[in-house]
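The block underneath contains the structure these notes are about, expressed in structure tokens.
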Amino acid sequence: MKRLLGVALGILTAIGGFVDIGDLVTNAVVGSRFGLSLAWVVLVGVVGICLFANMSGRVAAVSGRATFEVIRERMGARAGLANLTASFLINLMTVTAEIGGIALALQLASGVSYMLWVPFALIAVWLVIWRVKFSIMENVTGLVGLSLVVFAVALFLLKPDWGSLASQALHPSVPSEEGPGTYWYYAIALFGAAMTPYEVFFFSSGAVEERWKVKDLVQSRINVLLGFPLGGFLSLAIAACAAVVLLPAGISVTTLSQVALPVIQAGGQLALAVLILGVVAATFGAALETTLSSGYTLAQFFGWSWGKFRRPAEAARFHVAMIVVLLAGVAVLATGVDPILVTEYSVVFSAIALPLTYLPILIVANDPQYMGKHVNGRAVNIVAFVYLVIILVASVAAIPLMIATGAGA
Amino acid sequence: MRKAKPLPAQDIKPAPRQAGLVLDAQLHLLDRQILDVDGVPVTTVDDVELSGPAPGEPIPEGTEAPHITALLTGAVLGTRIFGGRPPSSRFIRIPWEVVAGVDTVVSLGVRANSLDASWLERWMRDQIIAKIPGGRHDPE
Amino acid sequence: MILNDLLGTDVVDSTGQRLGEVSDVRFALDAAPAQLLSRARMVGVVVCPRTATSFLGYERMDVNQPWPLAQLLRWRHRGSFLVLWEDIAVMGPDGVRLRSEFTAYESTLPR
């Protein structure tokens, strides 16, 4: 039972990767345009993030070193700084989007304009980072975020043609009204979201916050194997709901309320209430994850003292950095930019950050100085190397595809 | 750039065994995390300072080998990435005498607060974080 | 002198023929213990004929996984050798010149 309660870190990490505000909308866009023909990408992404998150957790538990320390140490100052810049911008854009997302969900619930909710969301996120213990933070947001399972329930209530959904997923093809360019652009966007680097930054730093040691390796594996597949499952449920309701109706998704349409159709106001609760928790969780990730990456690159297990005064630069990030995010929102659009461009920076994050993790997970006898097994190395090649191909293709398709428009 | 002439493989002799710990600076020192005696992160190894020899001057045979005098941090990180070199008065030094061990991290035998390298952390703590309510308390 | 002055600079022999670049500087902690650790004495420089970029840890003999990466990096750094301090005639930001009768040693770290 204690083991099962200890999976909050995995769940919270996965929420940021699969169902944060940008992904909520992207998943619905994908479902409404491509049906389930991109479901295989989510599967590939889930396996990839499981593999590398487990490695980063193992490195953290065995050696006590979090992922960005490893990146700086092995890739050197220059490549480390390139990764830091890209990752930091992804974090900042996501923090911005999530604070907007919390406010959008509260607007959906209350009818009060989202701009009025932004300061409230900002203060709530900061207070949790400033004062709340890591374990309480991850348990509450992880658990409440699970109410997004309402998408799966809604899918059952909609009584879809399961055969047709399965054949879309099992025999993927580019829909006739979409070009192969947009199909592959969304494939890369989904893959990049599943493997977004702040997940491993957060997961490995969380392992240090929770003081995992070698005896907790099983715990780490359970976290990974429950959290990320659950995230992938939610992301598929959202896409399937959109494929069943929005695709036939020809609705193209641009707002959060459109994402909610299938759920309302299936379960009415009660389902909507659960959905809003889930979206608030998920965006709140993702805001915490990305704010902390920006602090973790900066602190670990420059060697500052960090961690929520310390008093703020004992990790001063870490906390100052996070305050600056939160304020910068709100400043961006104040310009009136659509928070959902903000995350769309993080694909560009993922192209830089992904290879520079996963290569050093793989190398150090094989380094006996760090790992002793807990180095990677042969099978893990083979699969991880294949993934490294996939990541490189996706990275090289991402920016040209984005330009060619006008970001999937 | 002129192409290097590779040495014939048979001219490369087996390495002499060194007594004691062998450290390759780039591999074992540069960019590693530095922890103080209580395990608190201080900074990273941004560069390493050596004793002698005078740069560019001929080294007389039999000169004693240089040794590491200090680990450096601060502005040297920027110049290592972007090129150039700060004046040595701007180096923040962590003398080799306070280094207690080199493993996956470099551990020191002293507290972070006693070092120049921690001045910015202390400044931010005293001037900003400690002044916000709750800054000196454990998270709950 | 700081390490960054040295890393990546050209290495030439006594006739001026370029042999490669300084890819690392090796130290040994073999003096009598001082306060905490003994002095780190410079043993020599590792010279790589092709690139001074990092070896990513594969200069150690016991590190060879994942196999394709290890092979790739070892191939990039093939022909690397260690020159002892005694064989260095001039050393500085403009490069390293070796003495006429220098000896090249294998640079791989035994463990």
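Every value quoted in this text rests on a predicted model; they were computed, and no experiment measured them.
For the residue pair B:I129 and A:H319, the shortest heavy atom distance occurs at CD1-CB, 3.7 Å. A:R317 approaches B:V42 most closely through the heavy-atom pair NH2-O, 3.8 Å. Shortest non-hydrogen contact noted between B:Q33 and A:G303 is NE2-O, 3.2 Å.
B:V45 touches chain A through its backbone: at least one of N, CA, C or O sits under 4.5 Å from a heavy atom, while the side chain does not. For B:D126, no part lies near chain A; criterion is any non-hydrogen pair under 4.5 Å. With a 4.5 Å cut-off on non-hydrogen atoms, A:F134 does not touch chain B at all.
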Steps toward side-chain contact (heavy atoms from CB on, under 4.5 Å) verdict (A:I323, B:I128): CA-CA 11 Å; A:I323 293 172; B:I128 303 172; 5.7 Å; no

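Here the straight-line distance linking atom CZ of A:R311 with atom NE2 of B:H137 works out to 8.5 Å at 0.5 Å rounding.
Within residues 59-81 of chain B, the residues having any heavy atom under 4.5 Å from a heavy atom of chain A are, by residue number, B:L77, B:R80, B:I81. The contact list for residues 110-123 of chain B toward chain A, using heavy atoms and a distance under 4.5 Å, reads B:L120, B:E121 by residue number. For residues 66-84 of chain A, a heavy-atom distance under 4.5 Å to chain B picks out A:E69, A:R72, A:E73, A:R74, A:G76, A:A77, A:R78, A:L81, given by residue number. Within residues 125-133 of chain A, the residues having any heavy atom under 4.5 Å from a heavy atom of chain B are, by residue number, A:W126, A:W130, A:R131, A:V132, A:K133.
Among A:Q300, A:R310, A:E314, the residue with the largest count of heavy-atom pairs under 4.5 Å with chain B is A:R310.
When side chains are defined from C-beta on, B:R125 does not count as touching A:S305, because their heavy atoms never get closer than 4.5 Å.
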